[in-house]
Structure formats: structure tokens, C-alpha cells
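One structure below.
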Amino acid sequence: MLETFNFRVIVEYLPFYWKCFLATLWLSGGSLLGALVVGVIACAMRLSESRIISRVAGVYIESIRSTPLLAQLYFFYFGLPSLGIRMPEEATGILALTLNSGAYMAEIIRAGVQSIAYGQIEAAMSSGLSYLQRMRYIVLPQALGVSIPPMLGQAIVLVKDSALLSLISIVELTRAGQILTSDRFMPAEGFLTTAVFYLIIYYILKAFSHWSQKRLIFRGA
Amino acid sequence: MIRFSKINKWFGDLHVLKDINLNVEAGEVVVVCGPSGSGKSTLIRCINRLEPIQQGELVVDNMKVHDKKTNMTRIRAEIGFVFQQFNLYPHMTALGNVTIAPVKVRKMKKNEAEKLGREILERVGLGAKADNYPAQLSGGQQQRVAIARGLCMRPKIMLFDEPTSALDPEMINEVLDVMRDLAKEGMTMMVVTHEMGFAREVANRVVFMDEGQIIEVAPPNDFFKNPRTERAKLFLSKILTH
Amino acid sequence: MWGFYFEQLVQSIPFFLKGLWMTVAVSGLSLVAGTVLGFVWGVIRAGRGKVLKRIIGAWVDLIRGTPFLVQVFIFFFILPEAGIQLEAFPASVIALTNLSACFICEIVAGGIQSIPSGQREAATASGLSSYHQLRYIILPQAMRTILPPLVGQYVLLIKDSSVVSAIGVTDVTRVGWLTVQRIPEGIMVFGLVGILYFLICYPLIQLSNSLEKRMTVVTTKL
């Protein structure tokens with residue numbers, strides 16, 4: 001197979017791959033930011049003392065975790081138009097990714113929050129700080145610090161998840177491979193190049209994760 | 001200032017506080033002692049509703065703690081609480097730890113609060129450590145910061161839950177010294193402790209608890225020299241032969 | 001309108017159940033094969049053979065660093081070029097087995113490495129062979145650490161199996177995709193798909209959680 005591996009085609013398509021690489025990056029990046037926001041809100045709701053609010057967040061998180069991302073993606077892609085909502089595919093894609101990762105982020109943050117010694121919350125309560133004040137100044141700053149490594153893990157998952165967006169015709173890395181397969185009948189060149197680009201992102205994120213863990217060890221009490 | 005009337009509390013099926021009646025006057029220093037599991041920590045944790053009570057009335061500074069509708073923020077602002085495990089916020093400096101509540105709860109301006117914070121840290125002997133993080137301080141220093149944190153709210157009452165039990169012996173005195181000074185200045189204090197020397201010097205009354213009940217209440221001289229009940233005698237004999 | 005589509009959806013339920021069966025088949029086969037393979041790789045990864053450890057480690061990293069969809073495409077489109085003709089179903093099972101094995105390998109290796117080395121020393125001192133050590137001392141203890149994340153991983157893999165719908169395997173997701181072309185009510189159709197996955201995954205998640213609680217002996221200092 002290697003003898004027939006056509007490097008020239010890859011070079012020819014490299015500018016296209018570069019565009020797709022950037023598309024993957026901004027689709028994942030945008031969804032990551034969205035997921036952080038959704039995650040913080042969902043986590044705060046989940047930990048709320050109101051049973052209704054906590055249940056609503058719980059239903060959201062459990063539904064996401066018990067169903068595949070692809071089904072969620074199709075749910076929005078096919079479902080929103082039937083409600084009369086027309087969105088560009090990219091928006092639908094980011095929406096699905098954001099809601100999906102948001103649920104996992106909520107659980108990561110929750111684990112971080114619950115890892116904080118309860119004594120501190122008692123100390124904060126004893127000085128008269130309200131629930132919101134305790135969350136904002138005492139709990140969340142520490143929880144987020146602890147949560148960074150698993151969050152980076154979720155970022156890696158998110159980049160891989162973004163590949164599914166190719167199935168709703170969004171042009172990103174995996175779609176590049178599909179296009180090379182359908183246009184030029186070269187699935188090997190197509191998908192292996194795609195894989196290489198994903199691996200570049202993966203190894204960079206992994207390195208960043210190692211680096212940030214080293215820094216965190218020095219900061220921890 | 002603090003009034004317990006017919007207080008009963010359960011943890012599930014376990015009856016941890018049985019028919020507690022106690023009055024603490026303003027300016028009094030009350031030491032609570034007793035064997036492990038006697039309910040003494042639970043008792044003072046009820047005062048700022050870290051633990052809720054199921055039966056009875058608990059009135060602090062004319063506010064009804066036992067009433068679920070009472071807003072605890074105002075009450076807690078008037079009570080400083082010092083924990084056995086210090087519970088300082090590790091991600092803030094000493095100054096940060098002592099100023100966060102004055103700024104957020106009493107709505108002080110940040111520079112006013114910092115000025116106050118540095119003064120009070122100076123008072124507990126840690127003026128130079130205001131910008132250090134808890135991880136950089138010894139146990140005794142951390143506990144003194146914790147006391148300063150309580151004092152910065154200008155409370156009417158200071159509660160101490162075994163403040164020296166988690167400290168190495170050589171650091172116990174620096175904390176007790178701060179507490180002694182506080183008592184001399186007339187602060188209303190309730191202290192759960194095993195430090196009998198402290199109790200003898202500074203307490204107005206000693207409350208002895210066992211198995212969830214208050215067994216004996218007496219001024220320290222009377223309590224230590226002439227304990228009236230058998231259980232108190234037993235407890236003292238075990239503690240004082242150290 | 002809705003009522004009409006709802007009726008049509010109800011009539012499609014047998015189709016969905018066939019898709020559900022396909023999901024179970026693909027997942028089931030892959031999880032069993034993947035667990036066996038994953039344990040073997042995991043034991044190697046936790047062992048001393050440096051070369052094998054590195055090779056397996058590198059392969060696992062490649063699999064963990066690329067999207068499963070891309071892996072499915074590679075197995076489906078590229079293996080034929082190397083002479084292995086594969087249909088969608090076998091290609092899917094191979095891809096998912098490989099994915100499972102890689103993730104399970106890491107869980108197993110982690111579990112084995114969490115056993116204090118003193119255990120191995122004691123076993124060696126009493127003369128037990130490596131195989132016996134593994135079988136009677138190490139693995140039984142490691143299972144406590146391995147079981148909860150293993151069940152959790154099964155849930156993830158069942159969800160990942162939805163991706164094989166992209167190469168035409170008629171699993172629950174693909175049935176949904178085909179159905180929504182006829183019944184353009186995405187919410188109802190994929191709501192049903194979601195419910196079907198939920199019925200499988202949610203109990204498994206609860207199982208994993210309860211296993212985790214039981215396996216953790218909590219020692220709280222009071």
C-alpha cells in the first residue's frame with residue numbers, strides 16, 4: 001500500500017486541510033467556552049438547595065450522559081427545523097457540542113467543589129457570608145484550580161467529538177478526509193492525513209496538561 | 001446574651017443534646033468541658049446554626065436562632081467562630097482571609113477593611129505575616145489568623161471549638177495568650193477545651209457535660225476543687241493526672 | 001400533523017427495535033472481545049517487558065488521540081486497500097473492539113499498579129510464580145479498583161457505537177436517521193432514539209456509581 005501512497009495529492013490538498021484544521025479548532029474552542037459557561041451554571045443549579053432547580057439540572061446532566069452525542073446532534077439538526085428554527089449547521093453543531101460537554105463540565109466542577117474540605121464552608125458560613133458569596137469567593141476559585149486537569153481531558157474529548165460535525169456537512173478535518181475519499185477515491189491519504197492533524201492537537205493539549213499540572217503542584221497548599 | 005432553653009437535638013436516632021438549659025451573660029467567659037462524645041462541640045455549633053436544633057429555644061443577642069425563618073446572616077456577623085482545624089482559606093493570604101467577610105458582609109470599603117485587618121493581625125502578633133498564605137504559616141500562627149478573622153467582624157460573641165487540640169504543644173500557649181487577652185478585654189466567650197489551666201485563670205464559669213447533658217455548672221475554683229457530681233470527679237481525675 | 005406523525009412513528013417501532021438489537025450486537029461483541037484484549041494489554045502495560053509496554057502504549061495513545069469516527073473510516077476504507085475486504089458490520093466490531101481494548105487496557109494497568117508493591121514482594125518471597133501472583137494476589141485485589149471505571153467505560157463504548165451508523169450499520173441511530181427522512185419530526189424520532197439509549201445506559205451508570213461507593217472504604221477522621 002505504501003508504494004501507491006500518493007503524497008502529491010496530500011500536498012495539493014494541504015491548504016484545504018489547513019482551513020479544515022482551523023475550522024476544527026474554532027468549532028472546538030467555541031464549544032469549549034460555551035461548555036464552561038453551561039457547566040458552571042448547571043453545577044450551581046445541581047448544588048442548589050432548591051430541590052426543583054437541582055432536579056432540573058440533574059435531568060439535563062443525566063440525559064446527556066446516557067445518550068450518544070451523535071443522537072443529540074441529529075436531535076438538534078433534524079429537530080430544530082421542525083420547530084421552525086433555522087440555523088446554519090455550524091451553529092447547530094456548536095450548540096450540540098456545548099450542551100454535551102457542558103454536562104460533563106458540570107460534573108467535573110461538582111467533583112472539584114465537593115473536594116473542598118467542608119470546614120471551610122463552615123468557616124465562611126460562620127462569618128455571615130451568603131451562599132452566593134461563599135460560592136464566588138471561597139468554593140469556586142479552589143474548585144476551578146482542582147478541576148483544570150480533568151477539564152483539559154474534556155477539551156481533548158471535545159476536539160475528537162467535533163469530528164461528528166462532519167456528518168451534518170460541516171467542513172472540518174474529518175470532512176476533509178471524506179472529501180478526499182469521495183472526490184479522489186483516496187481514503188488512505190485522506191483519513192491518515194486527517195488523523196495526523198488530530199494527533200497534533202492531541203499532543204499539544206497533552207503537553208499543556210502536563211505543564212499545567214506541574215505548576216499546580218507548586219501552588220497547592 | 002446566649003440563652004438555651006430546653007434544647008434537644010438528635011442525629012438521626014442518636015440523642016446528642018438532652019434538655020439543655022444554660023444562660024451566658026454578656027462579658028462572661030464560659031468554658032465547656034467533658035469527655036469525647038459528650039456533645040460539647042455540638043452545643044456551641046448550635047449557637048450559629050452550624051447544627052440545627054429540633055426542640056427548644058435558642059436566643060442569641062435577642063434573636064431566635066431556633067426559628068427557621070430567622071435570617072442567620074445578621075446573627076453570624078455578630079459571632080466569631082474558631083474551629084479546631086482552623087479552616088483558613090488556602091487560596092487567600094492572611095489579610096485576604098480576615099478581610100473577606102468585613103468587605104462582603106459588613107460592606108466595608110476594601111482599604112478600610114485592610115487597615116482594620118492589619119491592626120487586628122498585629123494584635124494577635126502576626127502583623128508581619130499579613131501577606132503570607134496559610135501554607136506558609138505554622139499551626140499556631142494559622143489559628144491566630146483564624147481568631148483574627150473572627151475579630152475583624154467586631155463580633156459580640158466569640159466561640160471556640162477546641163482551638164488548641166490540633167496544635168503541637170509548643171504552639172498552644174501563643175493561642176491561649178491571645179484568648180486570655182480577649183477575655184480580659186471583656187469579650188463574651190464560650191470555649192470548648194481541655195486546657196484546664198486556661199479555664200482556671202480566665203473562665204467565669206465551667207460547664208461540664210457528659211452524654212449530651214449538662215452535669216455541673218460552677219465557677220472554676222469550685223469546680224476544680226470541689227466537684228459535686230461523681231461523673232465530674234471521674235473526669236477530673238483522668239484529666240488532671242497528666 | 002403531530003398526531004399523524006406520531007402514529008407513523010409508533011408503526012416504525014419494530015424497525016427501531018431491530019436497530020436496538022443491532023446496537024446491542026455490535027456493542028456486546030466488541031465489549032467482550034475488547035475486555036479480553038484489554039486485560040491482556042493491561043497486564044503487559046503494568047508488567048516489566050519494556051518493548052511491549054512501549055508498543056502497546058504508543059498504539060493506545062494513537063487511538064486515544066484520534067476521533068473514533070476517523071478510526072471507523074480508516075478500518076472500513078483502508079483495510080480493503082491492504083487486501084482485507086470488510087463489510088460494515090465486521091469493520092465496526094473490529095474498530096470498536098480496538099477502541100474498547102485501548103481504554104480498558106489503561107484502566108486495568110492503573111488498577112494493577114495501584115496495588116502496593118509490598119504485596120508482590122510478599123508473594124515473591126513465598127515463592128509464587130508471576131502467573132500465580134497475578135492470578136491469586138494481584139488481579140483479585142485490583143478488581144476492586146478496576147470494576148467501577150470498567151462499567152463506566154462500557155457505557156461510553158455503547159454510546160460510541162452510535163458512530164458506526166456513519167458507515168451504514170443499521171443501529172438505533174441509523175434507524176433514527178433513516179426514519180427522520182420519512183417522518184420529518186426530528187424531536188419525536190430522536191427523542192425515541194434517546195430514550196432507547198437511555199434505557200440501556202442509565203442503569204449501567206447507576207451500577208457503576210453504586211459499585212464505586214461499595215468499593216471505596218471510607219475512613220473519615222472526625
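Everything quoted here is computed from the prediction, not taken from an experiment. Naming: A, B, ... by sequence-line order, numbering from 1 per chain.
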Checklist entry - Would one find more than 12 heavy atoms of other residues, nucleotides or ligands at under 6.0 Å from atom CH2 of C:W177? => result no
Checklist entry - What is the minimum heavy-atom distance between C:F77 and A:P187, and which atoms define it? => result CB-CB, 3.4 Å
Item to check | A:A188 versus C:I78, closest heavy-atom pair with distance | outcome: CA-CD1, 3.3 Å
Item to check | Part of A:Q178 within contact of chain C (heavy atom distance under 4.5 Å) | outcome: side chain
Next on the checklist: In terms of relative ring orientation, are C:F190 and A:Y74 parallel, tilted or perpendicular, with 30° and 60° separating the classes?
Outcome noted: tilted
Checklist entry - At a heavy-atom separation under 4.5 Å, does C:S165 approach chain A through its side chain, its backbone, both, or neither? => result side chain
Checklist entry - Tell me, side chain or backbone of C:V163 under 4.5 Å from chain A's heavy atoms, or both, or neither? => result both
Next on the checklist: Can you tell me how far apart CZ (C:R64) and CG (A:L199) are? Round to the nearest 0.5 Å.
Outcome noted: 12.5 Å
Checklist entry - Is it the case that more than 12 heavy atoms not belonging to C:E87 sit under 6.0 Å from its CD atom? => result no
Item to check | Part of A:S166 lying under 4.5 Å from any heavy atom of chain C | outcome: side chain
Item to check | Gap between atom OG of C:S162 and atom CG of A:L164 - 0.5 Å precision | outcome: 7.0 Å
Item to check | Contacting moiety of C:L62, where chain A heavy atoms sit under 4.5 Å | outcome: both
Item to check | Pairwise distance OH(C:Y202) to CD(A:E62) - rounded to 0.5 angstrom | outcome: 5.0 Å
Checklist outcome for this item: Distance col, row A:T67:OG1 vs C:L196:CG, nearest 0.5 angstrom, shows 11.5 Å
Next on the checklist: Any heavy-atom pair between the side chains of C:V70 and A:L173 that's under 4.5 Å?
Outcome noted: no
Checklist entry - Highest number of heavy-atom pairs under 4.5 Å with chain C: which of A:I156, A:L69, A:L70? => result A:L70
Checklist outcome for this item: Interatomic distance, OG1@A:T194 vs CG@C:L69, rounded to 0.5 Å, equals 10.0 Å
Checklist entry - Which of the residues A:T174, A:L80, A:I201 is involved in the greatest number of heavy-atom pairs with chain C at under 4.5 angstrom? => result A:T174
Checklist entry - Can you name the nearest heavy-atom pair linking C:V155 to A:R65, along with the distance? => result CG1-O, 4.5 Å
Checklist outcome for this item: Value for OH (A:Y198) from OG1 (C:T66), rounded to nearest 0.5 Å, stands at 9.5 Å
Checklist entry - Between C:V193, C:I200, C:I74, which shows the greatest number of heavy-atom pairs under 4.5 Å with chain A? => result C:I74
Item to check | Exercise: identify the closest heavy-atom pair between C:P67 and A:K160 | outcome: CB-O, 3.5 Å
Item to check | Engaged part of C:D61 at the chain A interface, taking heavy atoms whose separation is under 4.5 Å | outcome: both
Checklist entry - Considering only heavy atoms, which portion of A:Y203 lies under 4.5 Å from any heavy atom of chain C: side chain, backbone, both, or neither? => result side chain
Next on the checklist: If you define the side chain from C-beta out and look only at heavy atoms, does anything of C:F73 sit under 4.5 Å from A:T181?
Outcome noted: no
Item to check | Min side-chain heavy-atom separation C:Y197-A:P68 under 4.5 Å | outcome: yes
